[in-house]
Enquirer: 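Here you go, one structure.
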Amino acid sequence: MVKRESTGELIWGVIVETEAYSQIEEACHGYRRRSKSNETLFGSPGRFYVYLTYGIYHCVNLVTGRKDWANGVLLRSLAMPNESERIASGPGLLAKRFGLDRSYDNLEAKEANNLWLTSKPTEFKDNQIVRSTRIGISQAKNLRWRWYLQASRSISKRCKGDACPPISKAWFPIERDRQ
DNA sequence: TGTATGATTAAT
DNA sequence: TTAATCATACAA
């Protein structure tokens, strides 16, 4: 994910942890009703759905699937170059670091909007990705719809017994290419 | 109008 | 385990 600040500065990070939500399950904001607050989740895919949680933090999703059907991917953690490993580890911290709030809700993810996603900088093999149940929900706890990069120290929570290898510089090819 | 509840985090 | 903090949902 990349953001161009008003100053022109680029901030970006590699998405290392996500969760999926869908209208078919109780933990999804679109499960019960379509309303003003979750309208974005029912809208066009490719936009950001940003909401306030616990009155303090914001969470950022990318709307997926199709229009009129609530599907989204919660961005839970990013690994950022040249910053402390856990600066964006957790959905609230991620939104905070990127300065994202409700004013970004329903914004289409594209460079012209100064907030966008690019293809993953490094090919990650399937065996580098761990799947688990989702975090912080009270319903639909059985669904294993959380994924994270096993080798990242920047995820919010690690599964028991899951080791973490040293960080690879290959995650940050933009930095590498500049060097 | 009143009250309970989070897709969280940091501190105890 | 709990406080912080507020928009939303739902009951009355």
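In what follows, chains are A, B, ... by sequence order, proteins preceding strands, each numbered from 1.
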Enquirer: Take atom NZ of K36(A) and atom P of dA7(C), then tell me their distance rounded to the nearest Å.
Expert: 12 Å
Enquirer: Can a salt bridge be assigned to the pair E111(A) and R4(A) using a cut-off of 4.0 Å between side-chain N and carboxylate O?
Expert: yes
Enquirer: Can a salt bridge be assigned to the pair E26(A) and K141(A) using a cut-off of 4.0 Å between side-chain N and carboxylate O?
Expert: no
Enquirer: Using every non-hydrogen atom in the two residues, find where A95(A) and H58(A) come nearest and quote the distance to one decimal.
Expert: CB-O, 3.2 Å
Enquirer: Atom NZ of residue position K36(A) - does it have more than 12 heavy atoms of other residues, nucleotides or ligands inside 6.0 Å?
Expert: no
Enquirer: Please find out if less than 6.0 Å separates the ring center of Y51(A) from that of H29(A).
Expert: yes
Enquirer: Identify the pairs formed between an N or O of the protein and an N or O of nucleotides 10-12 of chain C at a distance under 3.5 Å, and give each distance.
Expert:
from: dC10(C); atom 1: OP1; to: R33(A); atom 2: NH1; distance (Å): 2.3
from: dC10(C); atom 1: OP1; to: R33(A); atom 2: NH2; distance (Å): 2.6
from: dC10(C); atom 1: OP2; to: R33(A); atom 2: NH1; distance (Å): 3.0

Enquirer: Under 3.5 Å for both pairing distances: what stems, at least three Watson-Crick or G-U pairs long, include DNA chain C?
Expert: B:1-6 with C:6-11, B:8-11 with C:1-4
Enquirer: Distance between the P atoms of dT5(B) and dA12(C), in whole angstroms?
Expert: 14 Å
Enquirer: Can a salt bridge be assigned to the pair D105(A) and R47(A) using a cut-off of 4.0 Å between side-chain N and carboxylate O?
Expert: no
Enquirer: To the nearest angstrom, how far is L52(A) atom CG from dA4(C) atom P?
Expert: 17 Å
Enquirer: Any chance NZ of K157(A) has more than 12 other-residue heavy atoms, nucleotides or ligands included, within less than 6.0 Å?
Expert: no
Enquirer: So if I define the base as every atom that isn't primed, P, OP1 or OP2, how would nucleotides 7-12 of chain B read as a B/S/- string at a heavy-atom cutoff under 4.0 Å?
Expert: BBSS--
Enquirer: One thing to verify: whether R76(A) and E19(A) come together as a salt bridge, which I'm taking to mean a side-chain N less than 4.0 angstrom from a carboxylate O.
Expert: yes
Enquirer: Which heavy atom of K110(A) sits nearest to which heavy atom of W116(A), and what is that distance?
Expert: C-CB, 3.4 Å
Enquirer: So, taking the atom named OG in S156(A) and the one named CD in E17(A), what distance separates them when rounded to the nearest 0.5 Å?
Expert: 3.5 Å
Enquirer: Give me the distance, rounded to whole Å, that separates dC10(C) from dA7(B) when you measure between the P atoms they each carry.
Expert: 13 Å
